[in-house]
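Right, one structure below, let's go through it.
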Amino acid sequence: MHYWLMKTEPEAFSIDDLERAGTEPWDGIRNYQARNFMRDDMALGDQVMIYHSNCKPPGIAGLGEVASQPYPDPTQFDSDSKYFDAGSDPEEPRWQLVDIKFVRKLKRLIPLDEIKQHADSLDGLVLIRKGSRLSIMPVDKPHWNYLLKLE
DNA sequence: GCCAACGTTGGC
DNA sequence: GCCAACGTTGGC
């Protein structure tokens with residue numbers, strides 16, 4: 001079992017949208033490191049923190065879990081999609097995704113600035129590493145537990 | 001809206 | 001393979 005954090009812009013797709021959808025293909029990831037996590041390291045049942053980015057305030061909004069094996073992101077072949085990738089070969093798709101299932105909303109959003117105040121206890125957490133822009137990242141189990149205690 | 005940090009592209 | 005130019009992310 002692995003633990004993860006996945007960012008989403010709530011204006012585009014929020015934890016409430018995930019709750020309504022139940023399960024959602026996590027499409028549009030166009031970063032190789034993030035793709036590799038989904039393709040190579042995620043397994044059914046892995047737990048995921050859903051993080052709201054590019055909003056006020058940014059922070060952890062809820063929990064989900066990995067609900068599929070990796071499979072090709074269909075938006076890469078959809079010329080009407082903003083995630084269309086003309087360079088991706090259908091025989092060997094460049095972008096893979098997993099489905100994410102809603103688990104629950106947190107009792108309150110845990111804001112980024114509060115998380116940063118616990119930097120000593122969360123040393124190594126990619127989210128608060130300087131300059132990190134990864135949209136999908138692993139979370140150590142102790143960090144996971146610590147973050148949930150802030151809820 | 002700004003801009004630092006990072007990733008990607010493409011000429012050479 | 002280098003690296004400048006450009007695009008994106010995402011906090012502030």
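By convention in this document, chain letters (A, B, ...) are assigned in the order of the sequence lines, proteins followed by strands, and residues within each chain are numbered from 1.
At least one side-chain heavy atom of A:Val66 sits less than 4.5 Å from a side-chain heavy atom of A:Val48.
Under the side chain to side chain contact (heavy atoms under 4.5 Å, CB included) criterion, A:Lys105 pairs with A:Ile15, A:Asp16, A:Glu19, A:Phe102, sequence neighbours left out. Annotation: side chain to side chain contact (heavy atoms under 4.5 Å, CB included) contacts of A:Pro25 (sequence neighbours excluded): A:Tyr71, A:Leu97, A:Asp99. For A:Arg30, the side-chain hydrogen bond (donor to acceptor under 3.5 Å, both in side chains) partners two or more places apart in sequence, or in a different chain, are A:Asp73, A:Thr75. For A:Tyr146, the ring-ring contact (aromatic ring centres under 6.0 Å, His included) partners at least two apart in sequence or on another chain are A:His118. For A:Glu151, the salt bridge (charged side-chain N to carboxylate O under 4.0 Å, His left out) test picks out A:Arg104, A:Lys107, with sequence neighbours left out.
Residues A:Gly131 and A:Asn54 each lie close to DNA chain B; by heavy-atom proximity, the contact nearer the 5' end of the strand is made by A:Asn54. Closest-nucleotide positions on DNA chain B for A:Arg30 and A:Arg133 were compared, and the one nearer the 5' end corresponds to A:Arg133.
The end-to-end axis angle of the helix from B:dG1-C:dC12 to B:dC12-C:dG1, rounded to 10 degrees and based on five pairs per end, is 10°.
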Below 3.5 Å, can you tabulate the donor-acceptor pairs from side chains in residues 36-44 of chain A to any protein atom, sequence neighbours excluded?
| from | atom 1 | to | atom 2 | distance (Å) |
| --- | --- | --- | --- | --- |
| A:Asn36 | OD1 | A:Arg39 | NH2 | 3.4 |
| A:Asn36 | ND2 | A:Tyr32 | O | 3.3 |

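The stretch residues 49-65 of chain A participates, sequence neighbours left out, in these side-chain hydrogen bond (donor to acceptor under 3.5 Å, both in side chains) pairs: A:Glu9-A:Asn54.
Boundaries of the chain A contact region on DNA chain B are B:dA5 to B:dT8, first to last in 5' to 3' order (nucleotide atom under 4.0 Å from a heavy atom).
Among the protein residues, A:Lys56 comes within range of no part of the nucleic acid, since none of its heavy atoms lies under 4.0 Å from any strand.
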